[in-house]
Amino acid sequence: MKGWSLLVVTCFFLFIVSCSGNESINPETWDRSSGYVIAKEDQKILVVRHKPELETGNMSVSELLKQNQPDAIWITLKNPEVYDTIAIGDNVELGIEGVIKNSYPAQVNATVKVKN
C-alpha cells in the first residue's frame, strides 16, 4: 500500500510541476517604455516590443500583430506634432499617460520620442 501512495504522490507532484510551466516560456514582461513602430494611421502608431524582421514590409497589420502577439500596443499621440517625423521601423520611447486598455493590441495615450 505504501508503494501505491508513493506513486500517487509522485504523479501528483509531476502533474503540478508540468502545469505551472507557462511562466518559464517568456519570463520577461514588456514594460512598454519603448518599442518599434510597425504601422501608422490617424495620428496613431502601432508599436511592438521587438524589432521587426526586414521582410515584414509586405505583411498586413493583422499578420504583424499575429507575429508579435502579445507585445503590441496602439499609441494615440499626446504630442501629435511628431507624427510626421515617425517612420515605420523607428525605435521609439513611450511616455504612457493614463490607463492601458488591455485589448489586443492594447491601446493607450502617450507622448512619443524617436530614439537615435
Side-chain angles (χ1 to χ4, degrees):
M1 190 57 132
K2 284 186 176 184
W4 281 105
S5 297
L6 184 59
L7 180 63
V8 169
V9 169
T10 303
C11 289
F12 181 74
F13 176 76
L14 291 174
F15 175 78
I16 295 298
V17 169
S18 66
C19 288
S20 64
N22 289 342
E23 295 82 23
S24 64
I25 294 171
N26 189 5
E28 297 178 24
T29 57
W30 184 33
D31 65 4
R32 297 180 176 137
S33 64
S34 66
Y36 296 88
V37 178
I38 62 168
K40 293 174 61 175
E41 67 179 44
D42 301 325
Q43 296 296 312
K44 296 188 297 186
I45 58 173
L46 182 57
V47 177
V48 295
R49 180 180 186 179
H50 299 289
K51 187 173 184 172
E53 298 173 13
L54 295 176
E55 63 271 1
T56 59
N58 297 331
M59 297 176 74
S60 69
V61 171
S62 61
E63 290 172 320
L64 288 167
L65 286 172
K66 190 179 287 185
Q67 180 183 13
N68 288 284
Q69 194 167 3
D71 296 328
I73 187 167
W74 273 112
I75 305 294
T76 300
L77 299 176
K78 294 296 286 183
N79 54 337
E81 66 277 3
V82 301
Y83 182 78
D84 292 330
T85 67
I86 298 170
I88 303 298
D90 279 352
N91 186 3
V92 293
E93 185 175 311
L94 307 173
I96 293 177
E97 298 179 16
V99 177
I100 297 173
K101 297 177 186 171
N102 286 321
S103 56
Y104 185 71
Q107 302 169 46
V108 74
N109 296 330
T111 55
V112 177
K113 179 181 175 185
V114 177
K115 291 183 172 184
N116 292 332

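Owing to the predicted nature of the structure, the values given are computational and were not obtained by experimental measurement. FYI, side chains are in, hydrogens and waters are out, and symmetry mates aren't considered; it's all heavy atoms of this structure.
Inter-residue side-chain proximity for V92 and L94 is flagged as met; some heavy-atom pair is nearer than 4.5 Å. For the pair L65/P105, a side-chain contact is recorded, criterion being any heavy-atom separation below 4.5 Å from C-beta on. Counting only heavy atoms from C-beta outward, the side chains of V61 and L46 approach each other to under 4.5 Å. Residues T76 and V108 form no side-chain contact, since every pair of their non-hydrogen atoms from C-beta on lies 4.5 Å or further apart.
Rounding to the nearest 0.5 angstrom, the gap separating the NE2 atom in H50 from the CG atom in N68 is 8.0 Å.
D31 is linked by a side chain to side chain donor-acceptor pair (under 3.5 Å) to S33, counting only residues two or more places apart in sequence or in another chain.
Hydrophobic clustering keeps I73 apart from I38 (ILVMFWY residues linked when any side-chain heavy atoms are closer than 4.5 Å, directly or through intermediates). Follow the hydrophobic side-chain contacts under 4.5 Å out from I88 and you never reach M59; the two are in separate clusters. Following chains of ILVMFWY side-chain contacts shorter than 4.5 Å, one can reach V47 starting from L77, so the two form part of one hydrophobic cluster. In the hydrophobic clustering of this structure, V37 groups with W30; members are Ile, Leu, Val, Met, Phe, Trp, Tyr whose side-chain heavy atoms approach within less than 4.5 Å, directly or through other members. Side-chain heavy atoms closer than 4.5 Å link hydrophobic residues (I, L, V, M, F, W, Y) into clusters, and following such links, even through other members, never connects L64 to I45.
The minimum heavy-atom distance between W74 and E41, with the atom names listed, is CH2-CG, 3.7 Å.
Under the side chain to side chain donor-acceptor pair (under 3.5 Å) criterion, the residue pairs touching residues 89-111 are S103-Q107, with sequence neighbours excluded.
One N or O on the side chain of E63 and one on the backbone of S60 form a donor-acceptor pair closer than 3.5 Å. Using modelled atom types, no side-chain atom of K78 and backbone atom of V112 make a donor-acceptor pair closer than 3.5 Å.
Other residues, nucleotides and ligands contribute over 12 non-hydrogen atoms within 6.0 Å of the NZ atom of K44.
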